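One structure below.
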There are 2 protein chains.
Amino acid sequence: METKIRILLYEDNRDLREGMTFLLQATPGLQLIGAFPDTSNLEMQIPGLKPDVVLMDIDMPGRTGIEATPVVKALRPETQVLMLTVFEDEDRIFQAIRNGASGYLLKRTPPTEIIAAIHDVHRGGSPMTSSIARRVLHFFQQEQPVAKMKDYDLSPRELEILKSLVKGYSYKLIADEHFISIDTVRSHIRHIYEKLQVNSKTEAVLKALKERIV
Amino acid sequence: METKIRILLYEDNRDLREGMTFLLQATPGLQLIGAFPDTSNLEMQIPGLKPDVVLMDIDMPGRTGIEATPVVKALRPETQVLMLTVFEDEDRIFQAIRNGASGYLLKRTPPTEIIAAIHDVHRGGSPMTSSIARRVLHFFQQEQPVAKMKDYDLSPRELEILKSLVKGYSYKLIADEHFISIDTVRSHIRHIYEKLQVNSKTEAVLKALKERIV
DNA sequence: GCCATTCTCATCCATTTGGGTGATGAAATA
DNA sequence: TATTTCATCACCCAAATGGATGAGAATGGC
C-alpha cells in the first residue's frame with residue numbers, strides 16, 4: 001500500500017469511539033486523523049483534515065450523521081462517507097443514502113469486516129451488510145402490482161395520443177403533431193377516457209403516469 | 001445445520017456449470033438438486049424440485065436469466081433467486097432486481113464467498129458485491145438538482161390549490177373542497193400559472209410533479 | 001399610517017375541452 | 001364473406017378553462 005487511507009471518525013459514544021480509535025490505529029494501511037463526538041466543527045475539520053473516508057454515526061447530539069453527510073459531501077465530494085450505526089430501519093437507510101453515504105454498516109459488524117469495508121469504500125465500492133442490501137432491493141421491488149395492471153386495451157394510436165397528452169399538449173397541438181384533424185384527436189381522446197374511466201385531460205394524464213401506461 | 005439448502009443452478013456454460021456443481025456438491029449444508037443449461041423447463045422444475053435458492057446466469061439461450069427470474073418468483077415466491085453473472089451494467093442489474101432477484105454476484109467472486117452468499121440469501125439477506133451495491137446506491141443519489149430548484153414563490157393558498165390540481169380536480173371541485181367561490185379558484189390558478197410559467201392545468205400538474213413542488 | 005401581499009370575488013370574452021351521434025374506408029378476424 | 005376493430009373526420013352543444021381587468025378586506029411589516 002503506497003499511502004495510508006485518511007480516516008475521520010464521528011461517534012458520540014465514548015467507549016465506542018475509543019474502541020474504534022484503537023482498532024483503526026492498530027491497523028496498517030489506515031491512518032486515523034481525527035475522532036470527534038459530534039459534527040459541530042465539520043466545516044473546519046473536513047477541509048482542514050482532508051479525510052478519504054469518514055465513519056459516521058447516525059445518532060449524535062446536535063447535527064445527526066444523516067444531516068452531516070450532505071455537508072461532508074458538499075465540503076469535499078471525493079470524501080467517502082461510511083455510515084456505521086445501530087439503526088436498520090428503511091427510513092434512516094434511505095435518508096443516509098440519498099444524502100450521499102457510500103456505505104452502510106451495522107455497528108455489530110466484526111472489526112475485520114469494518115476494516116475491509118473501509119478499504120472497499122475507498123476503492124469505490126459500497127459495502128453494506130446483506131440485510132441492509134435486502135432493504136434497498138426491496139425498495140425497487142415493492143413497486144407496482146404490474147402483474148395485475150390492466151393494459152386498458154388502448155389501441156396503438158390511442159397510446160400515442162395519450163403520450164402526447166402526457167406531454168401537456170392541447171388538442172390542437174396534438175392534431176398538428178400527428179397530422180390529423182382536431183376532431184380525430186377528440187375522437188381518440190374520448191375513447192381513451194372511456195377505457196381509462198376518466199373524464200378530463202388531467203385525470204387521464206395522472207392515471208397514465210401513476211400506472212405508467214405511457 | 002438441520003436441513004440442507006436446496007439449490008437449483010441455471011448456467012449454459014458447461015465448464016462453469018460443472019465447476020459449480022462440483023463446488024456445491026462438495027459443500028456440506030448445501031444440496032444441489034439440479035443443474036440445467038437453460039430455463040426452458042422452469043415451469044416443471046421449480047414446482048417439482050422446490051428449490052430454496054436458484055443460482056441464475058443471465059446470458060442463456062432461449063429465456064435469459066432476467067426473463068426467467070420473475071417466472072421463478074411467480075411459480076414459487078419463497079424461492080430466492082441469486083444472479084450469478086459477468087455483467088455489471090446498471091441496466092441488467094436493475095432489470096434483475098426489479099424482476100425479483102434477491103442477490104447479485106459476479107462470477108469472478110471467490111467460491112467461498114459464493115457459498116457464503118447462498119447461506120446469506122437463504123437467511124433473508126441480499127448479498128451483492130460492493131461494486132454492484134455502489135451502482136444501486138448511485139441510482140438513489142443521482143436524483144434531482146434539488147439545489148437549483150426554484151420554489152416559484154407560491155403562496156400557501158396557491159400551493160394548496162396546486163395540490164388539488166394535482167389530484168385531478170376541476171375548478172368546481174376545488175372550490176367546494178376549500179369552501180371558496182369558483183372565481184377565487186380561477187384567480188389563484190391564474191397566479192399559479194404565471195409563477196410556474198405555464199398556461200394550462202395539465203402543464204401545471206406536470207411541472208408540479210416533475211419538480212415535485214407538491 | 002402606508003405599502004405590499006394575500007385571499008377573496010366578480011364580469012366579460014374567447015378558446016378549449018368533454019360528450020353525443022354518426023359516418024367512411026381500411027384492415028384484421030371470424 | 002361477414003363482422004369487428006381502428007383510424008379518420010364532422011357537426012352540435014354545453015361545460016370547463018384561460019386571460020384581461022378590477023376591486024374589497026385582511027394581514028404583516030416598515
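What you see is a predicted model, and the numbers here were worked out from it, not measured in a lab. Letters A, B, ... mirror the listed sequences (proteins, then strands); counts begin at 1. The figures here come from the full heavy-atom set of this structure, side chains too, leaving out hydrogens, waters and symmetry mates.
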Seminar exercise, completed: Taken to the nearest whole Å, CG/A:Leu154 to P/D:dA7 is 10 Å

List, with names and distances, any nitrogen or oxygen atoms from the protein found under 3.5 Å away from nitrogen or oxygen atoms belonging to nucleotides 28-30 of chain D.
none

Exercise. When you check the phosphate oxygens OP1 and OP2 of C:dG19, does a side-chain N or O of A:Tyr193 lie under 4.0 Å from one of them?
Worked result: no

For this session: Between D:dG18, C:dT6, D:dA7, spot the one nearest the side chain of B:Ser200, thanks.
Result: D:dG18

Exercise. Would one find a side-chain N or O of B:Lys172 under 4.0 angstrom from OP1 or OP2 of D:dA15?
Worked result: no

For this session: Please lay out, stage by stage, how A:Arg157 and A:Glu160 fare under the test salt bridge (Lys or Arg N to Asp or Glu O under 4.0 Å).
Result: CA-CA 5 Å; A:Arg157 196 53 158 174; A:Glu160 283 185 56; 3.3 Å; yes

For this session: Provide, to the nearest angstrom, the distance between the CD1 atom belonging to A:Ile161 and the C1' atom belonging to C:dT17.
Result: 15 Å

For this session: Using a cut-off of strictly less than 4.0 Å between a heavy atom of the residue and any atom of DNA chain C, enumerate the qualifying residues of residues 178-192 of chain A by number.
Result: A:Arg186, A:Arg190

Exercise. Rounded to the nearest 0.5 Å, how far apart are CE of A:Met56 and CG of A:Leu42?
Worked result: 5.5 Å

Exercise. Salt bridge or not for A:Arg17 and A:Asp57, using N-O below 4.0 Å?
Worked result: no

Problem set entry | Student check: side-chain heavy atoms of B:Ser131 and B:Leu106 closer than 4.5 Å | yes

Exercise. Looking at A:Ile7, A:Ile46, A:Leu9, which hits side chain to side chain contact (heavy atoms under 4.5 Å, CB included) with A:Val54?
Worked result: A:Ile46

Exercise. Can you check the B:Glu194 CD to D:dT21 P distance for me, whole Å?
Worked result: 12 Å

Exercise. For A:Glu158 and D:dC6, what is the distance between atoms CD and P respectively, to the nearest whole Å?
Worked result: 7 Å

For this session: Measure across B:Leu137 and A:Ser126 and return the closest heavy-atom pair with its distance rounded to 0.1 Å.
Result: CD1-OG, 3.8 Å

For this session: Count the heavy atoms of every other residue, nucleotide or ligand shown that sit under 6.0 Å from CD of A:Glu194, and state whether that count exceeds 12.
Result: no

For this session: Mind calculating the distance between CD (B:Glu203) and P (D:dG18) to the nearest angstrom?
Result: 9 Å

Seminar exercise, completed: Here the distance between atom P of C:dA27 and atom CZ of A:Arg157, to the nearest Å, is 15 Å

Exercise. Are the side chains of B:Thr39 and B:Glu67 in touch, meaning some heavy atoms are under 4.5 Å apart?
Worked result: no

Exercise. Nearest-Å distance, CG (B:Leu165) to P (D:dA16)?
Worked result: 15 Å

For this session: Grab the two heavy atoms, one from A:Ser102 and one from B:Arg134, that are nearest each other, plus how far apart they are.
Result: CB-NH2, 3.3 Å

Exercise. Taking CG from B:Asn199 and C1' from C:dT17, how many angstroms apart are they, rounded to a whole number?
Worked result: 15 Å

Exercise. Relative to the 5' end of DNA chain D, which residue comes earlier, B:Tyr169 or A:Lys195, by the nucleotide with the nearest heavy atom?
Worked result: A:Lys195

